[in-house]
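Encoded as structure tokens, the structure appears first; notes follow it.
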Amino acid sequence: MRIASTLVLPIAMTLLAGCTHIGPKTVVVDRFDYSTSIADSWKQQTLLNIVKLRYMDLPVFVDVSSIVAGYSFQTGVSANGVLSSQKAVQGNYVGVGGQAIYTDRPTITYVPLTGEKFLRGLITPIDPKNIFFMLQTGYAADFILGLTVESLNGVRNRSTTGGTVREADPDFIRALQLMREVQAAGAVGMRVEEDKVRGATGVVFFRRGDVTPEITEKSAEVRRLLNLPPDQQKFVLTYSPVRGAEGELAVNSRSLLQVMAAFASYLDVPEEHLQEHRASPSFEHAGDGTRQDSVQIHSGKEKPDHAFAAVYYRDHWFWIDDSDLVSKRAFAQLMQLFTMTDTGPRANLPVVTIPSR
């Protein structure tokens with residue numbers, strides 16, 4: 001029996017040692033794997049809803065509310081033997097056994113985003129202050145303003161309102177180009193001022209004392225193109241689809257739903273879907289047929305090999321190419337805008353909890 005004790009003890013110690021400190025070892029793997037999966041599914045959900053808008057389909061949002069990763073590691077050791085007499089036929093017998101059971105059972109909770117608060121967050125125009133704060137943090141003016149506003153002081157951006165495409169005013173495109181240069185020179189800024197009547201208001205100001213004459217001239221041209229007083233340096237931001245009052249810069253900002261619709265207008269809809277009137281026409285039948293894309297969403301029968309985000313819908317794949325930096329940047333900014341929008345509390349919503357095995 002001494003042989004049995006010698007075998008059982010090391011095996012038992014090995015199995016018992018294996019069940020210690022399971023949690024810390026899983027943090028590095030689980031944290032990054034789950035975050036990657038959530039990010040990928042978020043991109044796919046956003047892209048799918050953009051595609052649905054072009055097909056006049058209902059966008060649906062489902063959020064991952066919580067992930068609870070549960071692990072268990074059970075071990076067992078058994079030993080038995082028979083010590084026979086000298087005259088016994090079977091002789092001595094020693095048996096040693098062991099088992100280990102490892103279980104990985106995460107529980108994932110999904111919450112559909114619905115209700116008045118969420119709908120209001122989708123259709124409410126983005127606060128102009130938030131748009132210009134993004135410029136203050138370094139986002140390119142032509143990119144952010146081209147993505148998030150319908151018009152500046154009555155000068156109109158490209159629009160997809162009403163299911164038709166209206167190209168941007170030339171003055172709007174030129175103003176955004178100049179704004180980018182003025183921004184790069186540090187000649188435009190943004191701050192929040194307290195007003196007794198309006199409360200916190202955003203103020204845009206143009207610097208003129210410490211900039212080159214060339215930048216000063218470009219700043220003056222921006223004001224001229226946007227129908228602003230040429231000698232005024234400070235303007236209060238206000239939301240309005242028409243030209244603002246004196247001293248105001250009227251920003252007709254888009255809602256998240258409008259930004260998504262703008263994305264949808266750049267979708268390459270399969271020709272047969274257009275002929276069958278499954279999807280609304282956009283660039284395919286707009287103006288003279290020219291197309292200068294800032295965003296491009298491809299479509300095809302085959303699954304793409306190198307896609308930043310791809311979804312399968314109506315027997316076709318739709319994707320953003322991983323090498324298309326312009327489209328990737330715009331798409332990522334759209335997702336960031338979702339995090340800036342108040343969608344309200346999620347109380348009293350149905351919760352779906354799925355134990356994964």
Donor-acceptor under 3.5 Å (Asp268 side chain, Ser299 main chain): no

Checking the side chain of Asp57 only, and the main-chain atoms of Leu53 only, is there a donor and an acceptor separated by less than 3.5 Å? no

Taking Ser253 for the side chain and Pro125 for the main chain, is one N or O donor matched with an acceptor at less than 3.5 Å? no

Gln183 side-chain N/O to Ala141 backbone N/O, donor-acceptor pair under 3.5 Å: yes

Can the ring centres of Tyr55 and Tyr313 be said to be less than 6.0 Å apart? yes

Of Leu176, Asp171, Leu178, which meets side chain to side chain contact (heavy atoms under 4.5 Å, CB included) against Arg174? Leu178

Closest approach of Ile144 and Thr148, non-hydrogen atoms and distance? O-OG1, 2.7 Å

Would Glu150 and Ser159 count as having a side-chain donor-acceptor pair, cut-off 3.5 Å? yes

Closest approach of Met335 and Trp42, non-hydrogen atoms and distance? CE-CD2, 3.2 Å

Within 45° cone and under 6.0 Å: Lys43 NZ/CZ vs Phe308 ring: yes

Donor-acceptor pair, Arg224 side chain versus Pro230 backbone, under 3.5 Å? no

Gap between atom CZ of Phe318 and atom CG of Leu47 - 0.5 Å precision: 9.0 Å

Heavy-atom check, side chain of Trp319 versus side chain of Ile297, under 4.5 Å: no

Looking only at atom types and distance, does a side-chain atom of Glu217 sit under 3.5 Å from a main-chain N or O of Glu214, one as donor and one as acceptor? no

With a 4.0 Å cut-off, would you call Glu221 and Lys218 a salt bridge? no

